[in-house]
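What follows is a set of notes on a single structure, which appears directly below.
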Amino acid sequence: MQQIKCPKCGEVFTIDENSYANIVNQVRDQEFQRLVDQNKKDLEEKQETQLEKAVMEAKSEAEKTIAELHAKLQEAESQKKLAETEAAAKLQAVQAENAAKLQAVQAESAAKLQAVQAEDAAKLQAVQAESAAKLQAVQSDNAAKITALENSIQSKDKDSEIAVKDAVREKEDKIRDLQAELERKDMEFQLKEDSVKRQHEQEIRLKDEQIQQYKDFKMRQSTKMIGESLEQHCEMEFNKLRATGFRTAEFGKDNDARSGSKGDYIFRDYADGVEYISIMFEMKNEMDTTATKHKNEDFFKELDKDRNEKKCEYAVLVSMLESDNDYYNTGIVDVSHIYPKMYVIRPQFFIPIISMLRNAAENTMQVKKELMEIRNRNVDVSNFEASLLDFKDKFSANYEKANKRFANAIEEIDKTISHLQKVRDELLASDNQLRLANNKLEDLTIKKLVRNNPTMKEKFEEAGVDFSRKKKAVEKQDEPSPVDQNEAE
């Protein structure tokens with residue numbers, strides 16, 4: 001039967017084991033389901049946050065890429081406009097240069113003509129034909145030069161137009177490449193976003209499966225099995241390194257409960273037959289749905305007691321309790337300020353704490369060996385004194401036991417003699433009573449029987465029995481002797 005106190009009214013009532021178990025299972029299932037739903041909700045919110053963050057980062061990266069592409073496009077357009085402006089400026093410069101050359105040639109021709117006319121007007125007619133020929137030659141030469149210049153100008157215009165067209169075509173190709181790159185980036189972003197979504201969906205499905213498996217596992221496990229699973233984990237971790245790192249060590253369960261309590265495991269290591277390190281381990285775990293949560297410090301006192309009773313140097317609590325406590329989640333926690341040489345660890349630090357304590361204890365090996373040698377030197381004297389004291393103690397104990405038994409035997413003999421004397425007296429008294437009974441039987445006569453019975457006396461008289469002759473003898477026999485009277489008394 002179990003007693004339950006109502007949290008509202010404070011009334012205490014008693015229920016049977018089945019009802020209590022049903023209530024506990026109901027509260028445990030509801031609490032566990034609440035924790036599972038809360039964990040699932042937190043996980044979904046975390047994954048949604050991560051997904052949104054990933055999407056925002058991808059969008060930010062895409063926007064950054066788009067902005068870079070737009071900047072490159074604007075830069076290409078500006079370069080295109082600059083190239084067009086430079087080509088137009090070059091074309092204008094070439095045209096201006098050609099026009100200046102043409103004007104210079106025409107001015108030079110006009111100057112020569114004027115000089116020739118001014119030099120000899122008289123010879124003008126004489127050499128008119130020659131001048132005309134020269135003029136024609138100069139004019140034809142000038143026309144050829146003008147034609148060459150015009151052709152050169154046209155050729156440079158065509159080159160400029162071709163260069164501008166090439167620059168424009170190149171810029172257009174770059175724009176198309178940038179647009180294709182932008183489309184490719186968009187497609188990659190979309191594929192990446194789809195991949196992230198699928199990955200998160202897969203992770204959510206795996207988490208749901210793990211939560212369900214964890215829930216089923218917790219439902220199947222009892223509190224004892226949860227504790228044993230932690231012990232088995234630590235034992236397996238140790239056995240993995242037993243053959244390589246702990247060849248001379250002993251590690252096993254503490255089965256000695258003579259003092260009323262015991263730890264879980266004891267570790268001892270030896271060097272040259274000398275024990276130089278010993279650790280008492282206690283493993284503590286509990287279900288997530290346990291109503292009353294234990295704390296690590298609740299087990300310090302009992303662990304220190306077990307360590308002292310089993311003569312271990314160190315005490316280590318391997319705990320899964322207080323999982324949200326950052327003080328115990330940081331690593332190996334030294335609680336020697338509460339109990340000497342005591343540590344609290346998480347299961348992942350099980351092997352490191354053994355290695356750390358063993359390496360620290362190896363530094364004291366030389367001191368322990370010297371102490372052992374000193375003890376061995378004095379062992380004969382110590383053993384002799386111990387043997388002598390042990391002999392004296394045992395002899396005194398044996399003497400006291402023999403003396404006590406001798407006194408008990410004398411007392412029992414006295415009791416036996418007293419008992420036998422009582423039995424003798426009882427037997428003598430019984431013999432006297434039998435003799436008196438026999439005498440009374442012999443003294444029994446008809447006259448005594450009918451003395452106070454007139455009816456029987458008449459009957460006997462009618463039968464012819466004479467009582468007068470035996471009257472005196474009977475009366476004499478009826479009087480008891482002094483001895484018989486004393487014995488009867």
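The shown structure was predicted, so the numbers you read here are calculated from the model rather than taken from an experiment.
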**Request:** Would you sort out whether Glu203 and Gln199 count as a side chain to side chain contact (heavy atoms under 4.5 Å, CB included), showing the intermediate values?
**Result:** CA-CA 6 Å; Glu203 290 178 355; Gln199 183 178 359; 3.5 Å; yes
**Message:** Quick test of your reading of the model: are Asp304 and Arg307 salt-bridged, counting only N-O distances below 4.0 Å?
**Reply:** yes
**Message:** Can a donor-acceptor pair be found, under 3.5 Å and without considering hydrogens, that links the side chain of Arg268 to the backbone of Ile279?
**Reply:** no
**Message:** Assess whether a salt bridge exists between Glu193 and Lys197, defined as any Lys/Arg side-chain N lying under 4.0 Å from an Asp/Glu carboxylate O.
**Reply:** yes
**Test item: Asn329 side-chain N/O and Ser323 main-chain N/O as donor-acceptor pair under 3.5 Å** = yes
**Item:** From CD1 (Ile345) to CG (Asp334), nearest 0.5 Å
**Value:** 12.5 Å
**Message:** With a sphere of 6.0 Å drawn around NZ of Lys253, does it hold more than 12 non-hydrogen atoms of other residues, nucleotides or ligands?
**Reply:** yes
**Asked** Which heavy-atom pair separates Pro347 from Val318 by the least distance, and what is that distance?
**Response** CA-CG1, 4.0 Å
**Asked** Does the ring center of Phe267 lie less than 6.0 Å from the ring center of Tyr314?
**Response** no
**Message:** Side chains of Tyr328 and Leu321, heavy atoms from C-beta outward: is any pair under 4.5 Å?
**Reply:** no
**Prompt:** Is Ser396 reaching over with its side chain to a backbone N or O of Asp393, donor-acceptor style, under 3.5 angstrom?
**Reply:** no
Which pairs would a plain distance check flag for residues 401-414, meaning a side-chain donor or acceptor within less than 3.5 Å of a matching protein atom at least two apart in sequence or in another chain?
unit_1	atom_1	unit_2	atom_2	d
Asn408	ND2	Lys404	O	3.1

**Asked** Do Glu426 and Ser430 come within less than 4.5 Å of each other through their side chains, counting heavy atoms only?
**Response** no
**Message:** Quick check for you: to the nearest 0.5 Å, what is the distance between Tyr276 atom OH and Thr248 atom OG1?
**Reply:** 5.5 Å
**Item:** Considering all heavy atoms, the nearest Phe281-Ile353 contact
**Value:** CE2-CG2, 4.4 Å
**Prompt:** Out of curiosity, Ile332 CD1 to Arg346 CZ, how far, rounded to the nearest 0.5 Å?
**Reply:** 13.0 Å
**Prompt:** More than 12 heavy atoms of other residues, nucleotides or ligands under 6.0 Å from NE2 of His337: is that the case?
**Reply:** yes
**Request:** Write out all pairs satisfying salt bridge (Lys or Arg N to Asp or Glu O under 4.0 Å) with one or both partners inside residues 311-320, taking only residues at least two apart or from two chains.
**Result:** Glu313-Lys341
**Request:** Would you name the heavy atoms of Leu230 and Lys284 that are closest together and state the gap between them?
**Result:** CD2-O, 3.5 Å
**Asked** Atom CD of Glu322 and atom CG of Asn296: how far apart are they, to the nearest 0.5 Å?
**Response** 4.5 Å
**Prompt:** Is it true that Phe246 and Phe238 have ring centroids separated by less than 6.0 Å?
**Reply:** yes
**Salt-bridge present (Glu201, Arg198; N to O < 4.0 Å)** = no
**Item:** Heavy-atom pair with the smallest gap, counting every atom of Glu235 and Tyr265
**Value:** OE1-OH, 2.8 Å
**Message:** Return the OG1 to CZ distance between Thr330 and Phe349, rounded to the nearest 0.5 Å.
**Reply:** 8.0 Å
**Item:** Between CG on residue Leu436 and CD on residue Gln433, distance to nearest 0.5 Å
**Value:** 5.5 Å
**Message:** For the CZ atom on Arg184, are there more than 12 heavy atoms of other groups (residues, nucleotides or ligands in this structure) within a distance under 6.0 Å?
**Reply:** yes
**Fill in**
Of all heavy-atom pairs linking Leu357 and Val316, the shortest is CD1-CG2, 4.3 Å
**Prompt:** Of the non-hydrogen atoms in Cys312 and Ser278, which two are nearest, and what is the gap between them?
**Reply:** CA-OG, 3.3 Å
**Message:** Any side-chain to backbone donor/acceptor pair from Asp264 onto Met283? Under 3.5 Å, distance only.
**Reply:** yes
**Prompt:** Taking it one step at a time, do Glu297 and Ile338 satisfy side chain to side chain contact (heavy atoms under 4.5 Å, CB included)?
**Reply:** CA-CA 9 Å; Glu297 60 187 17; Ile338 303 176; 5.6 Å; no
